[in-house]
Amino acid sequence: MAATEPIAQVKQRIEEVDVDAALREFAEGAAIVDVREQNEWDSAHIEGSTLIPQAEVADRLGEHVPERSGRLLFLCASGNRSARAADLASELGYTDVASIAGGINTWSDHGLPLVEPEGLNREQRMRYSRHTLLEEVGVEGQLKLLDAKVLLLGAGGLGAPTALYLAAAGVGTIGIVDDDVVDASNLQRQVIHSIETVGQPKTASARKAIEALNPDVEVVEHNTRLDSSNILELIGDYDILVDGADNFPTRYLLNDASVRLRKPVVSASILGFEGQISTFVPFEGPCYRCLFPTPPPPELAPSCGANGVLGVMAGVMGLFQANEVIKLIVGIGEPLVGRLLLYDSLATRMTELKVRRDPECPICGENAPEIPESELGQFLDYELFCGAPAREETPQAV
């Protein structure tokens, strides 16, 4: 049997049985060999079956099933790997073999008995099955996602796709800080909103979209503007912060508060056809001030409202943010700590810059004084520091 042989040809040579027949035969003494991988087995398996991953069937089948004349059923996720395993078993001299059609997916759909991990109910096992199949995520990683609390600063261009994909991934609690309302001009890039929610608070609009997507997610609305008087209270209950802010004062305020509370921040920005993203984990890498010690003058930092932005740029960078958040929650991969990723959509080119902690940084440097909670926001006037005009004169950045 060639591994590249079309599966349709393989299935013409072997017997297939449906899941109900397989259950009856199993009860009568047939053996079931599950040829999926270990992480798939861990997510759900048939009690009393034997795990032999497909690549190991030739070497291990005789060890686990020495009797070659007995009834032998092979199982996988959907019935393709098991068909190849049944064909191989026939070549090895097993005389009464079959593949279970539809695999464990159909077995589960029929409500037949399975050994399943604690923590995920039936609906969640189905919803997050593509996550739990990943060895790096598995059931344990999915449970971490369901237990996580993430705060989004802004439900605009960046916050919209980030929120949708974090919700789809099953992040259990998503907080949203935004005091704006949905405007028709937002719909070109802020994909969480719709024509029906124009004029409504963005937090409410986003909540409705998230709840329609995934009822597992609790959405907490913070329909307010983030400032020095409320930032510690707002961010204190969350594990990870997602920066989609539309102005420099908020970014610096968020940085200083997140360093004080040791909260990771995934920060991105977009303008025109370009975007950038980095992840700031306090004291494990640089902070936002290490990267940008002082803000640029207003004339060198135009807003999207003034210069425009390609709508899909918000989607690209927002999804990068969601990806970073998931890696941090599950503890996998290499987050963008100490790295600044630049994306040019016109050239479809990415550039990565290394960023180091500044030992003289006034916030996270070696000699930086700890900021007392009572003084946060008082030790510096962020509006004057950033040269920002009054809020009503500041266009939306994303």
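Residues take their numbers from the sequence shown, with the count starting at 1. The figures that follow rest on heavy atoms only: side chains count, while hydrogens, waters and symmetry mates do not.
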- Output, in order, the C-alpha distance, side-chain angles, deciding distance and verdict of side-chain contact (heavy atoms from CB on, under 4.5 Å) for R357 and C364. CA-CA 8 Å; R357 285 183 65 188; C364 76; 4.0 Å; yes
- Query: Does L51 share a hydrophobic cluster with L112, counting links as ILVMFWY side-chain heavy atoms below 4.5 Å and allowing steps through other members?
  - Reply: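 No, it is not one cluster - the side chains of L51 and L112 are not joined through contacts under 4.5 Å.
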- So, N223 and K202: side-chain donor and acceptor under 3.5 Å apart, yes or no?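 Their side chains do not contain a donor-acceptor pair, so the 3.5 Å distance test is not met.
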- Do T197 and S205 get their side chains close enough for a donor-acceptor pair, meaning under 3.5 Å?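 Judged by distance alone, the side chains do pair up.
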- Verdict with supporting geometry, F280 and C290, side-chain contact (heavy atoms from CB on, under 4.5 Å): CA-CA 10 Å; F280 304 106; C290 296; over 6 Å; no
- Does the pair D34/R36 count as a salt bridge with the N-to-O cut at 4.0 Å?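 Answer for the salt bridge query: yes.
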- Are R251 and D243 within salt-bridge range, i.e. N to O under 4.0 Å?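 A salt bridge links R251 with D243.
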- Message: Rounded to the nearest 0.5 Å, what separates atom OG in S267 from atom CZ in F292?
- Response: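 Those atoms lie 8.0 Å apart.
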- Task: Determine yes or no for a side-chain-to-main-chain donor-acceptor pair under 3.5 angstrom, with S108 supplying the side chain and N105 the backbone.
- Result: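 Here the side-chain-to-backbone pair does not exist.
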- Message: Determine whether L152 and L166 satisfy the following criterion, side-chain contact (heavy atoms from CB on, under 4.5 Å), listing intermediate values before the conclusion.
- Response: CA-CA 10 Å; L152 304 180; L166 291 181; 4.2 Å; yes
- Task: Any chance you could lay out the side-chain contact (heavy atoms from CB on, under 4.5 Å) test for L61 and L88, step after step, and finish with the verdict?
- Result: CA-CA 10 Å; L61 186 58; L88 175 60; over 6 Å; no
- Pairing residues for D183 by the salt bridge (Lys or Arg N to Asp or Glu O under 4.0 Å) criterion, not counting sequence neighbours: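 Scan of D183 (salt bridge (Lys or Arg N to Asp or Glu O under 4.0 Å), adjacent residues dropped) gives none.
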- Using the ring of each side chain (for Trp, its six-membered ring), is Y252 parallel, tilted or perpendicular to F248, with breaks at 30° and 60°?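 Answer is tilted, since the angle falls between 30° and 60°.
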- Where do I326 and A169 come nearest, in terms of heavy atoms and distance?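 For I326 versus A169, the nearest heavy atoms are CD1-CB, 3.8 Å.
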- Item | Stepwise salt bridge (charged side-chain N to carboxylate O under 4.0 Å, His left out) check, R127 with E123 | CA-CA 6 Å; R127 176 182 287 272; E123 291 75 18; over 6 Å; no
- If you look only at pairs with a residue in residues 332-341, which of them pass as a side chain to side chain donor-acceptor pair (under 3.5 Å), with sequence neighbours excluded?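 Every side chain to side chain donor-acceptor pair (under 3.5 Å) pair that includes a residue of residues 332-341, provided the two are not neighbours, is R339-E352.
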